[in-house]
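The structure displayed is predicted, hence computed values, not measured ones. Within every chain, numbering begins at 1; the chains are lettered A, B, ... in the order of the sequence lines, protein sequences first and strands thereafter.
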There are 2 protein chains.
Amino acid sequence: MAKPNKYDSEVETSAQFPVEQAPIRVTVDIVVFTVHDQALRVLLVERGIEPFLGLFALPGGFVLAGETLEQAAFRELREETGTAEVYLEQLYTFGDPGRDPRGRVVTVAYYALVPSGRSPLLAGTDAASAAWFTVAELPKLAFDHAGILDYAVNRLRGKLEYSNVGYELLPEKFTLTALQVLHEAILGRKLDKRNFRRKVLGMGLLKPLKEKLATGRKPAELYSFRDQR
Amino acid sequence: MAKPNKYDSEVETSAQFPVEQAPIRVTVDIVVFTVHDQALRVLLVERGIEPFLGLFALPGGFVLAGETLEQAAFRELREETGTAEVYLEQLYTFGDPGRDPRGRVVTVAYYALVPSGRSPLLAGTDAASAAWFTVAELPKLAFDHAGILDYAVNRLRGKLEYSNVGYELLPEKFTLTALQVLHEAILGRKLDKRNFRRKVLGMGLLKPLKEKLATGRKPAELYSFRDQR
DNA sequence: GAAATAGTGTCTGTTAGACACTATCAG
DNA sequence: CTGATAGTGTCTAACAGACACTATTTC
């Protein structure tokens, strides 16, 4: 547990803020999920600078003046992955003193879901390299990012149990088997095919298309989602 | 929608932080719930200073150097209510630019549950006065606090549906009727007595005491919770 | 014995999990 | 016709909601 730098508790005094406060920096960090090869994966970037040089970290960065937290998250996402057309939701805010050895940093964590099939990779300016890792085989992570990632995985699993989320991870057209594989990858366990199909079809959110996917064996019916929610 | 102050985007350059960032202040705001007179109530403080002088606001304040976000929330809670032995959980972080006309302020919102019966009131140093309001009859609130409060009420209702939460709001010994009244106050609707009792007793979290509460009519059995979770 | 609150059981519809075989296509 | 994946139905247990009367106490 590294102690944070000692700040002078007197900040440049804004005429309008009577209260003194040590400077705190605010960042966003994003747990970017995708599903590929039947596994739930997260995007990590290798740190090119100290501290934690060489370790992997969640993509993220400072919140800039004038942008909302969500805009900051989308911006970082775009810088890191090249796309921002993804589902994004705020997770939790981590702000223990000492979580960054350079000083006090409060980070607002988000998670994002990028559809399988388009999982682009662009090394950001401050990242030596970026790569997808399965949540089962994670490298050593910088800062408190392992805890953030754990939190995100649990949230994602929770949402799946009682809601229609996770649909943001599939391409526009998909088979029921693909949807089931997705759920199994997120939950980390096998599901019964008949029960699964009964449940998702019963929700009424799927629209059967007139198309079949020629998969090499018996062609599978393709589906899409009815509306964007 | 007040525009935030224009900040110079160049901050005093920390030797260790290569990244420039406009100064952002970090606060915690707390939605303090209690139940009294069969109604769900929140603690609000009347603002004694500009901006929003005279309006009511959630108790809260700046995060100080060296303390965790949760510690900051507990500290504010203690300053405002005199006690910090309450359930506290992080809600969501609000950081839109312009939410505070004095400058950029990101607030980490928490909610707290204080047991009915001990709902103390201490006017804090920066609050002209504090008072409990039912969530059905709220005054005009400062900043974006109305939205934060809404969010908290929904979260509390959600937790009640599928978990044992809300139990933090009762005194140590209580009757099943009191527990039902509590649930009804939070949910804002009536519940069936028999179904309610079946459900809560079926959870196995309640311990029937050997005592009865002399209520004037037929005495009611007293219960307590089995363990602290 | 009247007024007030405590306490109790059944029926019904929905949901979730366990479980195994048939259908269709490529080669 | 073999191999592989798609697709389909029943039974059962648990849970949730609707619904009305009896029990105990004070005054």
Sorted by chain and residue number, the salt bridge (charged side-chain N to carboxylate O under 4.0 Å, His left out) partners of B:Arg75 (sequence neighbours excluded) come out as B:Glu67, B:Glu79
Chain A on DNA chain D: first and last contacting nucleotide, 5' to 3', under 4.0 Å to a heavy atom? D:dG3 to D:dT10
Quickly work out the B:Asp192 CG to C:dC11 C1' distance and round it to whole Å. 13 Å
Taking for A:Arg198 and for A:Lys212 the nucleotide of DNA chain D with the nearest heavy atom, the one nearer the 5' end belongs to A:Lys212
First of A:Pro219 and B:Tyr223 reached from the 5' end of DNA chain C, by closest nucleotide: B:Tyr223
Whole angstrom is fine here: how far is it from CZ in B:Phe174 over to C1' in C:dA6? 16 Å
Using whole Å, what does the distance between atom P of nucleotide C:dT5 and atom CZ of B:Phe196 come to? 18 Å
Measure from CZ on A:Arg197 to C1' on C:dA23 and round the result to the nearest Å. 12 Å
Would you indicate what A:Thr175 reaches in the nucleic acid, counting non-hydrogen atoms under 4.0 angstrom: base, sugar-phosphate, or nothing? nothing
Taking only residues at least two apart or on different chains, which pairs with a member in residues 195-218 of chain A satisfy ring pair (Phe, Tyr, Trp, His ring centres under 6.0 Å)? A:His183-A:Phe196
Could you say whether B:Arg194 or B:Lys218 is positioned toward the 5' end of DNA chain C, judged by the nucleotide with the nearest heavy atom to each? B:Lys218
Pair B:Arg198, B:Asn195: side-chain N/O donor-acceptor within cut-off below 3.5 Å: yes
Can you give the donor-acceptor pairs under 3.5 Å from side chains of residues 169-181 of chain A to other protein atoms, not counting sequence neighbours?
{"from": "A:Lys173", "atom 1": "NZ", "to": "A:Glu211", "atom 2": "OE1", "distance (Å)": "3.3"}
{"from": "A:Lys173", "atom 1": "NZ", "to": "A:Glu211", "atom 2": "OE2", "distance (Å)": "2.8"}
{"from": "A:Thr175", "atom 1": "OG1", "to": "A:Ala178", "atom 2": "N", "distance (Å)": "3.1"}
{"from": "A:Gln180", "atom 1": "NE2", "to": "A:Glu184", "atom 2": "OE2", "distance (Å)": "3.2"}
{"from": "A:Gln180", "atom 1": "NE2", "to": "A:Leu191", "atom 2": "O", "distance (Å)": "2.9"}

Can you name the residues that form a ring pair (Phe, Tyr, Trp, His ring centres under 6.0 Å) with A:Phe33, not counting sequence neighbours? none
Could I get the full list of ring pair (Phe, Tyr, Trp, His ring centres under 6.0 Å) partners for B:Tyr110, not counting sequence neighbours? none
Does the base of C:dA18 carry an N or O that pairs as donor and acceptor with the side chain of A:Asn195 under 3.5 Å? yes
